[in-house]
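Worksheet: the structure to be examined is printed underneath.
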Amino acid sequence: MAEKSQKKEKIPRQPMPEQEPDVRRRNFNEVPLGYTPELAMKEAERCLQCKKPSCMEGCPVSVDIPEFIRLIKEEKFTEAIRKIWAKNSLPAVCGRVCPQEIQCEGKCILGKKDKPVAIGNLERFAADWEREHGEGDLPQKAEPTGKKVAVVGSGPSGLTVAGDLILKGHDVTVFEAFHKPGGVLVYGIPEFRLPKEIVFSEVNFLERLGVKVECNVVVGRTVTLDELFEQGYDAIYIGVGAGLPRFLNIPGENLIGIYSANEYLTRANLMKAYLFPDYDTPIAIGKDVAVFGAGNVAMDAARTAMRLGADRVRIIYRRSREEMPARAEEIHHAEQEGIEFYLLTAPTRFLGDEKGRVVGMECLKMELGEPDESGRRRPVPIEGSEFKMDCDLAVIAVGAAANPLLTQSTPDLKLNKWGYIIADEETGKTTKKGVWAGGDIVTGQATVILAMGAGRLASDSIHKYLTLGW
Amino acid sequence: MFEILKRQEMADGTVVLNEISAPLIAKKAKPGQFVILKANETGERIPLTMAETDPKKGTITIIYQVVGKSTALFKSLQVGDKYQDVIGPLGTPTHLEKVGTVACVGGGTGVAVLHPITRGLKELGNHVIAIIGARTKDLLILEDKMKAASHDLRVCTDDGSYGHHGFVTDVLKEVLEKEDVKLVVGIGPVPMMKFVSKLTAEYGVKTLVSLNAIMVDGTGMCGCCRVSVGGKTKFACVDGPEFDGHQVDFDELAQRLDAYKEEEKRAYEKYLHECKLS
Ligand SMILES: Cc1cc2nc3c(=O)[nH]c(=O)nc-3n(C[C@H](O)[C@H](O)[C@H](O)COP(=O)(O)OP(=O)(O)OC[C@H]3O[C@@H](n4cnc5c(N)ncnc54)[C@H](O)[C@@H]3O)c2cc1C
Ligand SMILES: Cc1cc2nc3c(=O)[nH]c(=O)nc-3n(C[C@H](O)[C@H](O)[C@H](O)COP(=O)(O)OP(=O)(O)OC[C@H]3O[C@@H](n4cnc5c(N)ncnc54)[C@H](O)[C@@H]3O)c2cc1C
Ligand code: SF4
Ligand code: SF4
Ligand code: FES
């Protein structure tokens, strides 16, 4: 055993082929190009096929990692993707956007001495291979139950519920406020990280299974939850995400050229403003761009600004590098593309010209003090450290909150003090009979896989309710 | 898909009316609410107020002024054509109540937005004085409808080609002097709403205005539509579009409406050029 593993460690982690930084920083094509079958099989060989695979503990939906990797190694790609699908219905998405370094790969035993197995890259490979070469045969559906389920919101959470319940024989309709389904996967995460074709192909797959997708329906406005029950729906799942932008609440924030990340990314992604004027929605092209925050959203905004033609893009963050919440790969890619990082810096006000356009900002230097509730050291302003910086475009990416649009129209749905829906952790049940909730609208902005995990738990509970009762 | 069932040009073809099939929205819409429309795959999301709704027929009516690329594209749509996307009803409905005498002041296409509110106020038993204006006679819209929706209609044109020669604010001032007006509703171009609010502030009369901030989603998700009201930032699409005119920072709104001036010009010119070619 010891001998065998020594031999295996000799294969180095197979790097993912990528577009060169100098080229990709000016286009919207996907950055990592994907493994070839040869690379994938070689990488798969590195896995030790652990008896007690610690990698699986790190995966929120317990994908059978050693098994799907073994199948890839044996060139059984279709079997590999089937294995993944058993736990994860959006592997092409998760392989690309999961924070693997703190989940599956972070727990991989190989990571102790060497680099962990590239689980995310392999998952992506299997999904892409199936999309491009697979037969496209549909899984078996259970006999129709005659029960109707409404899913509100078409993000990863809602799509998971829809996929699970259609297979169990229920009649499922997804209602989406935007004109296209996919949630953050479509309006937030940029094309160069997650091509929209992949998301639409996942939605298309659900539609082929029989899921109905109704866009342009703002639940709470176009129709209320109670009206859905009156229309004959037996159960409702709410997966509306955390769609309320946070601002810095400092003077000058309404100057022209200051965007919330939601607006900036929605214009660029969903509305395809990077193709203006072939697409009609405009977006401001900044030459000297400041992005506030250091999560995935901030990295996406910064890299989008670079691709739209900025000369210079800065990430401005009030804590230090260690606390940056973005995926390691996003930070690495951003740095390679020439994004600059201004850490321990906080803006205090924006400066504008006579036309109301932003021209700069005033900032303070920070130092780290005592840990706060989140366990991270609290940034404290250094007195007298004010300084000015120029910028002609600013994107605020300091987090999201709960959008009250739906919850205000449903007074019998209990919320916590931040406005998120209270739902049972095990089942997703809310305080309103027949209504479940999960994903970002319950947890606050988290991750794709956690939103899907919540959807999976809820769909099990909904199925029980529809067959056994509340 | 949202089919156009009726189409009518007004004000010399600068303003167009569409009656659109949208049963779900028609059933729920209330005065003061708007929809967002997108004509086709590459189109922009454009907010327009519902000037009328017919829940039985399942239709909504929009009346829009052709000012740029997207509204020009809308104008090219004929009866039987479809909007790819219509989303709504959005925004907080107007709070209508009986207060006594009210003055409803509309300028330009603002009259289309004002009309259902005026009618609602009359139906509740208010004494309604309506004042509508346009640059010139040919650009005036909905005169008949406003006449029916009010007790007393006054019309003005900037150039004196019809009705009172002058601005709606001149006529409003006369009305405020003579009548015990309890509420003013002012809807039109930003400068008009600004001056109406300035005037009514002098008389201490409560004033509602409807803000046409630039929007994307219309559901409070992007913050594009933020406006300053009483020193606080509000989202016009969910907190409004109606606000207390005495609290609104109109200068900021006017500036923010110019955010994409250059891009809009480019897009419109490209569109007109392509229309000529085909
Ligand atoms: C820019 C960005 C980058 C990110 N990067 C990553 C990443 O790399 N990795 C990762 O794991 N996570 C990432 N995340 C977080 C992740 O995308 C979210 O946690 C996840 O999408 C949440 O899924 P959800 O299904 O709960 O909601 P969402 O994806 O937010 O979907 C909710 C859907 O509901 C719709 N909706 C809202 N209100 C209504 C209503 N009233 N009626 C009908 N429909 C409604 C919305 O339009 C939306 O389509 C990122 C988030 C953003 C914004
Ligand atoms: C709640 C609301 C209700 C409205 N109701 C009506 C109505 O009933 N009738 C009517 O004629 N107009 C109405 N408008 C204004 C209408 O939306 C704009 O005239 C239209 O968007 C112009 O688009 P365009 O491409 O033709 O012109 P552009 O050349 O793009 O722009 C012309 C002007 O319209 C504004 N504008 C551009 N894009 C948007 C956008 N996405 N959202 C809002 N404004 C924008 C700009 O400030 C610009 O000054 C309303 C606006 C709002 C916010
Ligand atoms: S779903 Fe995410 S965490 Fe789980 S194995 Fe796949 S990439 Fe890793
Ligand atoms: S922990 Fe690493 S080596 Fe072990 S089974 Fe999982 S991926 Fe393979
Ligand atoms: S239009 Fe996006 S928040 Fe109002």
Side-chain angles (χ1 to χ4, degrees), chain A residues 176-180 187 214-224 227 240-247 249 253-267 270-273 275-285 352-357 396 400 403-406 408, chain B residues 2 22 24-25 27-29 33 35-36 38-46 68-70 73 84-91 214 216-228 233 235 237-238 249 251-264 266-271:
Chain A
E176 168 55 47
F178 264 129
H179 55 274
K180 280 211 163 81
Y187 77 70
E214 302 265 354
C215 290
N216 299 325
V217 179
V218 185
V219 177
R221 285 275 158 85
T222 318
V223 65
T224 63
E227 285 164 348
V240 292
L244 188 76
R246 278 222 181 100
F247 284 93
N249 298 318
E253 211 165 13
N254 291 348
L255 289 164
I256 299 169
I258 302 180
Y259 288 85
S260 76
N262 277 359
E263 182 190 349
Y264 190 69
L265 292 170
T266 301
R267 282 181 183 272
L270 180 73
M271 305 310 298
K272 298 218 185 302
L275 298 174
F276 182 86
D278 292 332
Y279 278 70
D280 297 342
T281 305
I283 193 165
I285 308 298
D353 65 9
E354 71 289 348
K355 287 188 174 146
R357 288 178 191 261
I396 304 191
N403 188 322
L405 191 91
L406 178 135
Q408 269 170 2
Chain B
F2 303 86
L24 288 180
I25 302 174
K27 213 158 91 186
K28 298 285 280 199
Q33 287 189 300
V35 286
I36 284 187
K38 187 166 163 290
N40 55 25
E41 190 54 34
T42 54
E44 196 180 354
R45 293 168 64 100
I46 296 293
K69 153 99 199 243
S70 295
L73 178 67
Q84 191 173 71
D85 304 287
V86 180
I87 301 111
L90 301 170
I214 297 182
V216 181
D217 60 299
T219 63
M221 171 276 196
C222 76
C224 169
C225 62
R226 53 199 197 277
V227 288
S228 293
T233 296
F235 290 179
C237 70
V238 283
D249 183 341
D251 297 335
E252 181 188 277
L253 175 65
Q255 282 185 334
R256 286 184 64 84
L257 281 168
D258 275 347
Y260 299 101
K261 219 172 176 172
E262 289 305 312
E263 290 86 354
E264 283 155 0
R266 236 174 86 208
Y268 198 18
E269 279 165 5
K270 179 171 178 276
Y271 177 77

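All values below were derived from every heavy atom in this structure, side-chain atoms included, with hydrogens, water molecules and symmetry-related copies excluded. Chain naming here is simple, since letters A, B, ... match the order of the sequence lines and numbering starts at 1 in each. All of these numbers come straight from a predicted model, not from anything done at the bench.
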So for [X], is it side chain, backbone, both, or neither that comes closer than 4.5 Å to the heavy atoms of chain B?
X	answer
A:D278	both
A:L244	both
A:T222	both
A:L265	neither

Does A:E227 come within less than 4.0 Å of B:K28, counting only side-chain N to carboxylate O?
-> yes
B:G220, B:A29, B:A267: which one forms the most heavy-atom pairs within less than 4.5 Å of chain A?
-> B:G220
Gap between atom OG1 of B:T42 and atom CZ of A:F276 - 0.5 Å precision | 11.5 Å
Would you check if the side chain of A:N262 reaches a backbone N or O of B:M221 as a donor-acceptor pair within less than 3.5 Å?
->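 Indeed, once roles are kept as given, a pair shorter than 3.5 Å links the two residues.
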Keeping the roles fixed (side chain from B:Q255, backbone from A:E354), state whether a donor-acceptor pair exists under 3.5 Å.
-> yes
Would you kindly say whether A:N403 and B:T219 are connected by a side-chain donor-acceptor distance under 3.5 Å?
->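 No, no side-chain donor-acceptor contact under 3.5 Å.
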Region of B:R256 that comes under 4.5 Å of a non-hydrogen atom in chain A =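 It is both, since atoms from each part get that close.
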Is the number of heavy atoms from other residues, nucleotides or ligands within 6.0 Å of NZ (B:K270) greater than 12?
->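 Yes, because the 6.0 Å sphere around NZ of B:K270 holds more than 12 heavy atoms from other groups.
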Sequence neighbours excluded, which residues qualify as side-chain hydrogen bond (donor to acceptor under 3.5 Å, both in side chains) partners of B:E41?
->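 side-chain hydrogen bond (donor to acceptor under 3.5 Å, both in side chains) list for B:E41, sorted by chain: A:K180.
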Mind checking whether A:Y259 and B:Y260 have parallel, tilted or perpendicular rings, split at 30° and 60°?
-> tilted
